[in-house]
Visitor: 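First the structure, then my questions, so here it is.
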Amino acid sequence: MPGPVREVRVVVVDDESLVRSGLSMILQAEGDVRVVGACSGEDAVALVARERPDVVLLDIRMPVVDGLTVLAEVLRGPAPPAVAMLTTFDSDQQVAQAMRAGASGFLLKDTDPFGLLQAVRTLAAGGVVLSPRAARTLLSEHAETSGVTAETLRRLATLTARERDVLGLLAQGLSNADIGAALDLGVGTVKDHVSSILGKLAVRSRMQAALVARQVPPPA
C-alpha cells in the first residue's frame, strides 16, 4: 500500500486579510496542504523563520513592507522555502526584480482554486510555477530581463543534448524527481544537469532558466 501523502506546509503573506483568508480556505480544502500561518508583510520574515514552511505565497505589493523586501530576507535564511509571488502584473519592474532575486514562481491573484493547489504542490516538489497568462506577460514584457540576447543564444548552443532535454522539462515546471522519471535518470543526476544548465546560461535560478527556455527553445 502507498505511504501517507506528505503534507505541504504553506505561509500566506498579503496585506489584505480577506485575501489571506480566501487563499487559506482554498488551500486547506485538501488534506495534503496545511496553511501554518498567514500575515502581512511586516510579520512575514519572523513567521517564516518560526514555521519553516515548504512554500510561501507572497504578495508582491504591500504598503508597509513590500514583497521584494520579504523575498530577499526569506531567501537569505537557512533552507529557504520556495516562494511564489502573488501579482496582478501592474508593476512590471517589481516582477522583474522578483525574478532576478530568486522567486520560484508567479501566480496571478485570480488563479482558480485547482490551479492554486497544483501550483503549491509543484513548488513544494522543487518545480517552478508560471501560469500561462503570467508566462505571456513575462515573456512579452521582460525579454531583456530574461536574458534572451545573442550571448544567451550562444550559451544555449553549449548545452548537451541531455541538458536540453532537462531544460525543456524544467521549463514546464517539473521537479527534479519528475524530470528524472521522464528521462529515466536519478534525482542526483538531474540535479547535476540543472546546476550545469544554470552555469552555462549564466542565470541564478530555475525560474530564470525556464523563462529563457520559453522565450527561445533550445536548439534541437
Side-chain angles (χ1 to χ4, degrees), residues 9-24 27 35-111 115-116 119-120 122-124 126-148 173 198 201-212 214-215:
R9 294 164 53 83
V10 180
V11 162
V12 177
V13 181
D14 195 287
D15 63 304
E16 297 184 21
S17 60
L18 284 177
V19 173
R20 296 196 301 266
S21 298
L23 291 173
S24 297
L27 293 170
V35 176
V36 296
C39 66
S40 56
E42 53 265 42
D43 299 318
V45 175
L47 178 61
V48 170
R50 182 173 68 250
E51 296 295 340
R52 304 293 296 273
D54 303 297
V55 175
V56 176
L57 300 181
L58 175 60
D59 186 10
I60 200 169
R61 299 190 70 184
M62 294 180 288
V64 180
V65 179
D66 66 84
L68 293 175
T69 299
V70 174
L71 175 66
E73 290 294 327
V74 166
L75 294 184
R76 271 199 287 267
V83 181
M85 310 305 293
L86 299 172
T87 179
T88 56
F89 284 93
D90 57 354
S91 178
D92 299 335
Q93 184 179 6
Q94 286 184 313
V95 169
Q97 289 174 329
M99 183 183 69
R100 289 194 297 268
S104 298
F106 296 91
L107 289 171
L108 299 183
K109 285 193 174 184
D110 62 356
T111 299
L116 179 65
V120 165
T122 297
L123 289 163
V128 298
V129 170
L130 196 60
S131 66
R133 284 175 58 197
R136 286 194 296 271
T137 301
L138 279 173
L139 293 177
S140 63
E141 297 182 7
H142 299 289
E144 182 176 349
T145 299
S146 62
V148 183
L198 298 185
L201 296 184
V203 296
R204 294 178 55 193
S205 70
R206 297 167 69 98
M207 172 59 68
Q208 291 173 344
L211 284 173
V212 171
R214 291 189 182 200
Q215 183 76 24

Visitor: Working to the nearest 0.5 Å, report the span between CG of Leu57 and CG of Leu86.
Guide: 5.5 Å
Visitor: Does the side-chain contact (heavy atoms from CB on, under 4.5 Å) test come out yes or no for Arg100 and Gln208, once each step is laid out?
Guide: CA-CA 7 Å; Arg100 289 194 297 268; Gln208 291 173 344; 4.1 Å; yes
Visitor: Testing Val35, Leu47, Val10, Val48 one by one against Pro53 for a side chain to side chain contact (heavy atoms under 4.5 Å, CB included), which residue passes?
Guide: Val48
Visitor: Under 3.5 Å, which donor-acceptor pairs do the side chains of residues 66-83 form with other protein atoms, sequence neighbours left out?
Guide:
from  : atom 1 : to    : atom 2 : distance (Å)
Asp66 : OD1    : Leu68 : N      : 2.9
Asp66 : OD1    : Thr69 : N      : 3.1
Asp66 : OD2    : Thr69 : OG1    : 3.2
Glu73 : OE2    : Arg76 : NH2    : 2.4

Visitor: Find the distance between CG (Asp14) and CD1 (Ile60) and round it off to the nearest 0.5 Å.
Guide: 12.0 Å
Visitor: Going by side-chain hydrogen bond (donor to acceptor under 3.5 Å, both in side chains), name the pairs with one or both residues in residues 35-60, residues two or more places apart or in two chains.
Guide: Arg6-Asp54, Arg9-Glu51, Ser40-Glu42, Asp59-Lys109
Visitor: Under the criterion side chain to side chain contact (heavy atoms under 4.5 Å, CB included), which of Ser21, Cys39, Ser24 is the partner of Val12?
Guide: Ser24
Visitor: State, to 0.1 Å, how close Val55 and Ala124 come at their nearest heavy-atom pair, and which atoms those are.
Guide: CG2-N, 3.7 Å
Visitor: Looking at every non-hydrogen atom in both residues, tell me the closest pair between Val128 and Met207 and how far apart they are.
Guide: CG1-N, 3.8 Å
Visitor: How far does OG1 of Thr87 sit from CG of Leu108, to the nearest 0.5 angstrom?
Guide: 7.0 Å
Visitor: In Å, rounded to the nearest 0.5 Å, how long is the span from CG of Leu107 to CG of Leu23?
Guide: 9.5 Å
